[in-house]
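Please read these numbers as outputs of a predicted model, since none were measured by experiment.
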Amino acid sequence: MAVVSCFALGQAMAQELKTEVFSLLNLDYPGLEKVKALHNEGKDAEAAKELLDYYRARTGVKTPDINLKSIKISKTEQQWADDALQHTFFAHKGYQPSFNYGEDIDWRYWPVKDNELRWQLHRHKWFTPMGKAYRISGDEKYAEEWTRQYIDWIRKNPLVEISKDEFEMKGDSKLKGDAENMRFAWRPLEISNRLQDQTTQFQLFLVSPSFTPEFLTEFLLNYYKHANYLIGHYSDKGNHLLFESQRIMYAGTFFPEFKDAQMWRKSGIDILNREIGVQVYDDGGQFELDPHYHLAAINIFCKALYLADMNGFRDEFPKKYLDTVENMIMFYMNVSFPDYTNPCFSDAKLTTKKEMIKNYKQWAKLFPDNKAILYFATEGKKGELPAYLSKGFLTSGFFVFRNSWGMDATQMVVKAGPKGFWHCQPDNGTFELWFNGKDLFPDSGSYVYAGEGEVMEWRKWFRQTRVHNTLTLNDKDLETTESVTKLWQPDGDVQTLVTENPGYKNLKHRRSVFFVDNTYFVIVDEAAGSAKGVVNLHYQMPKGKIANSREDMTFVTQFENGSNMKLQCFGPDGMTMKKEEGWQSTAYRKKVKRMNVSFNVRKDGGDAVRYITVIYPMKGSADAPEMSAKFKNKKFDEKGLEVEVKVNGKKQVLKYNL
């Protein structure tokens with residue numbers, strides 16, 4: 001049991017009968033007849049008891065998040081629940097061990113000036129594990145402590161008014177006291193998180209003696225404040241708006257007794273039906289151009305469908321909605337690697353195979369006729385692979401070269417699309433390359449989001465264009481990220497992608513990628529325009545031992561046999577090579593060292609700077625071939641390209657005409 005001071009205990013346990021809740025409820029709702037009669041007689045304490053009995057007996061509303069007949073708790077969740085008894089709260093997996101928030105809980109404690117740490121504290125991730133621990137063990141201490149913490153949060157986090165910009169830290173950050181706290185405790189995304197999760201917590205704790213009629217009125221009044229505030233303060237766009245609208249659906253569906261419930265539910269459905277057409281391109285890509293948030297958006301749209309199916313309003317989502325979700329799943333399937341993980345472009349995190357198989361199994365229920373989804377849901381035991389190998393998503397600007405769908409595949413995913421908003425990094429032209437079970441060119445990732453001091457410095461480091469597999473001018477971030485696809489040819493012995501990005505004032509970057517004989521890649525980078533400075537071609541190497549030579553501009557990985565590569569860059573006279581310490585992050589606040597490499601050429605006039613890079617994947621380092629490459633067209637040509645490449649003496653002419 002938590003050791004809490006008598007004063008704090010008294011404060012937290014001071015539950016009050018909130019009679020104003022009856023004015024928020026539709027007392028003519030079926031089943032509330034006795035509640036209405038008692039309230040009309042002025043017997044609100046008895047009405048609250050009757051209302052609690054009603055909810056304990058209610059069976060007509062369901063959510064997909066919990067099955068009360070089969071409650072399971074993991075060791076991790078049990079630990080969160082037990083730690084929470086001592087006010088050690090799991091707020092963020094990037095900050096472990098978790099921080100203790102004091103005997104008298106300090107909801108404004110900010111041990112590290114990372115905004116995410118403080119925002120996510122107010123998502124109360126330990127509340128649901130406490131509920132599971134209570135239902136499995138029957139130990140009332142979990143329910144007692146939960147009700148204390150719930151009331152304590154209400155008392156110490158008052159709802160006040162601040163400007164919308166302040167929630168995303170866009171204001172002058174001079175707010176103090178309750179107004180400063182509002183930015184974290186009542187940000188719309190956190191409100192929506194609580195709206196959804198509290199439907200599960202309500203179900204888990206409802207049977208507890210600690211869940212008193214007085215507590216019920218506190219809970220319902222607080223819940224109403226959440227939904228009512230969110231309705232008027234939705235985020236402007238992006239995944240935040242999707243989360244908020246899907247979760248306001250939960251509010252309107254789970255508590256139909258509120259007078260505003262139908263309006264909440266309709267608001268959420270209307271936004272989802274609208275935003276799926278706004279945020280998802282015609283090729284299935286979500287407009288933040290981040291695989292992690294693309295996956296999140298799929299599951300937001302699907303979760304709305306699961307809730308609709310369980311409560312009988314699927315017909316409020318048109319066929320186009322379903323078709324778009326299916327396109328999104330196929331997009332994600334294509335850009336993912338054979339081990340079910342996704343590239344870590346932009347702010348993406350690394351998924352796990354276990355997590356993704358669970359997702360595919362859920363998606364297979366929604367789309368039973370899609371044989372490809374079934375294939376990935378069953379790890380190939382059922383269903384069928386897509387009939388194609390390489391695939392381009394021209395609107396979103398994602399392109400996939402592959403010679404197989406299996407673990408032994410050679411697969412490159414290129415990212416070169418339109419502007420992609422906050423989570424999208426200025427990385428146009430970058431790529432990841434998988435070969436025979438290993439990602440040989442992993443993206444740098446994101447590491448952290450936003451905050452103060454060191455947190456923000458790391459945020460900026462990982463967002464830099466120069467820490468991606470692409471081209472810069474003077475190592476500076478891209479000024480424009482509006483790539484245009486000039487050519488996509490995904491078939492035959494030589495598959496070709498040509499993409500072009502304006503990049504900088506008076507300097508555009510054309511990248512041509514050739515996948516030759518389903519075996520190796522030739523990347524031609526051309527920086528054309530009147531801009532002057534140093535043109536830098538960047539490659540981020542995988543972690544591990546890599547032999548390199550400045551004389552012939554080569555890098556050869558020296559990993560265990562199975563998955564290795566040789567990279568050789570051919571550029572103009574005077575090209576230099578620079579090696580720097582780099583980083584890779586696949587999870588929040590987790591990073592490992594690796595090598596960043598750049599090939600650098602001074603551009604003094606109007607002539608384009610042009611590079612040819614040959615990347616040859618091979619199982620063993622000893623298999624690294626001899627390579628050479630040269631341009632056949634002597635200058636940059638808007639209409640086409642021709643290069644000659646030799647690998648172990650075999651000549652290959654690669655060309656295109658636009």
Side-chain angles (χ1 to χ4, degrees), residues 343-346 397 412-416 424-433 439-447 458 460-481 483 497 499-504 507-513 521-529 531 533-544 546 548-550 553-557 565-572 574-585 591-603 608-615 629:
C344 284
F345 298 139
S346 298
M412 176 185 280
V413 184
V414 182
K415 177 176 180 281
C424 185
Q425 297 178 3
D427 59 357
N428 285 34
T430 196
F431 65 87
E432 289 198 15
L433 173 59
D439 188 350
L440 291 172
F441 285 86
D443 193 89
S444 292
S446 64
Y447 188 60
W458 277 115
K460 291 175 182 176
W461 191 94
F462 276 87
R463 281 186 64 80
Q464 297 175 96
T465 305
R466 71 181 188 87
V467 302
H468 297 89
N469 298 314
T470 190
L471 181 143
T472 64
L473 178 64
N474 297 323
D475 277 336
K476 293 182 178 179
D477 288 350
L478 290 172
E479 296 168 0
T480 304
T481 52
S483 290
L497 167 67
T499 181
E500 194 170 278
N501 183 49
Y504 304 89
L507 191 78
K508 67 179 180 181
H509 172 210
R510 177 177 291 184
R511 169 161 277 185
S512 306
V513 183
F521 293 90
V522 177
I523 302 175
V524 180
D525 290 287
E526 299 174 285
V534 178
V535 177
N536 328 102
L537 178 60
H538 305 272
Y539 291 106
Q540 318 305 312
M541 296 296 170
K543 181 185 177 183
I546 304 175
N548 56 85
S549 167
R550 291 185 185 275
M553 304 292 181
T554 61
F555 290 83
V556 180
T557 60
M565 68 86 188
K566 177 179 179 179
L567 179 150
Q568 187 164 5
C569 186
F570 304 89
M575 181 177 80
T576 61
M577 183 180 85
K578 184 178 181 181
K579 295 183 291 181
E580 294 181 297
E581 182 179 76
W583 297 93
Q584 178 198 357
S585 176
K591 65 182 190 295
V592 295
K593 288 183 179 180
R594 48 113 168 250
M595 185 196 306
N596 285 357
V597 177
S598 62
F599 300 99
N600 309 290
V601 177
R602 178 162 293 281
K603 185 177 183 299
V609 171
R610 305 193 296 165
Y611 304 85
I612 303 172
T613 306
V614 182
I615 301 175

Taking C-beta and beyond as the side chain, do M412 and V513 meet within less than 4.5 Å on heavy atoms? yes
Any sub-3.5 Å donor-acceptor pair from N536's side-chain atoms to S598's backbone N or O? no
So F345 and E432, do their side chains get closer than 4.5 Å, heavy atoms only? yes
Mind checking whether F462 and Y447 have parallel, tilted or perpendicular rings, split at 30° and 60°? parallel
Hey, what do you get for OG1 (T613) to CZ (R511), rounding to the nearest 0.5 Å? 7.5 Å
Just by distance, do the side chain of T481 and the backbone of P426 share a donor-acceptor pair under 3.5 Å? no
Supply the atom-to-atom distance L497 CG to F521 CZ, rounded to the nearest 0.5 angstrom. 11.0 Å
Output the distance between atom CG (D525) and atom OG1 (T470), rounded to the nearest 0.5 Å. 7.0 Å
Can you check whether Q425 reaches T430 side chain to side chain, under 4.5 Å on heavy atoms? no
Quick one: list whatever passes side chain to side chain contact (heavy atoms under 4.5 Å, CB included) with K603, sequence neighbours left out. L507, V535, V609
Please report the shortest heavy-atom distance between V414 and G429, naming the atom on each side. CG1-O, 4.3 Å
Passing option when E580 is tested against K593, R594, R466 for salt bridge (charged side-chain N to carboxylate O under 4.0 Å, His left out): R466
Check the pair H538 / N596 against side-chain hydrogen bond (donor to acceptor under 3.5 Å, both in side chains), numbers first and verdict last. CA-CA 7 Å; H538 305 272; N596 285 357; over 6 Å; no
Distance-minimising heavy-atom pair for S483 and T499: CB-OG1, 3.7 Å
Under the rule for side chain to side chain contact (heavy atoms under 4.5 Å, CB included), what residues qualify as partners of N474, not counting sequence neighbours? K476, V534
Least distance between heavy atoms, S346 atom then S446 atom: O-CB, 3.8 Å
How close do M575 and M553 get, counting heavy atoms only, and between which atoms? O-CE, 3.4 Å
Could you report the tightest heavy-atom contact between D443 and Q584, atom names first, then the distance? O-CG, 3.5 Å
Tell me every residue that passes side chain to side chain contact (heavy atoms under 4.5 Å, CB included) with T480, counting only those two or more places apart in sequence or in another chain. E482, P502
Whether K591 engages the ring of W461 as a cation-pi pair (distance to the six-membered ring centre under 6.0 angstrom, angle to the ring normal within 45°) should be assessed. no
Side chain to side chain contact (heavy atoms under 4.5 Å, CB included) between F431 and I523, worked out: CA-CA 11 Å; F431 65 87; I523 302 175; 3.7 Å; yes
Side chains of V467 and W583: does their closest heavy-atom pair fall under 4.5 Å? no
Contacts of R510 meeting salt bridge (charged side-chain N to carboxylate O under 4.0 Å, His left out) (sequence neighbours excluded), chain-then-number -> E500, E638
Those residues that, when tested against D427, pass salt bridge (charged side-chain N to carboxylate O under 4.0 Å, His left out) (two or more places apart): K415
For I546 and N548, the nearest pair of non-hydrogen atoms, with its separation, is O-ND2, 3.4 Å
Any luck finding a side-chain donor-acceptor pair between K578 and N600 under 3.5 Å? no
Name all residues meeting the side chain to side chain contact (heavy atoms under 4.5 Å, CB included) criterion together with A608; count only those two or more places apart in sequence or in a different chain, and write none if there are none. A528, R610, F636
Please report the C-alpha distance between L567 and M541 in whole Å, then the side-chain angles of each, then the deciding distance to 0.1 Å, and finally whether the side chain to side chain contact (heavy atoms under 4.5 Å, CB included) criterion is met. CA-CA 10 Å; L567 179 150; M541 296 296 170; 4.3 Å; yes
Quickly, which of T465, L471, L473 forms a side chain to side chain contact (heavy atoms under 4.5 Å, CB included) with L478? Name it, please. T465
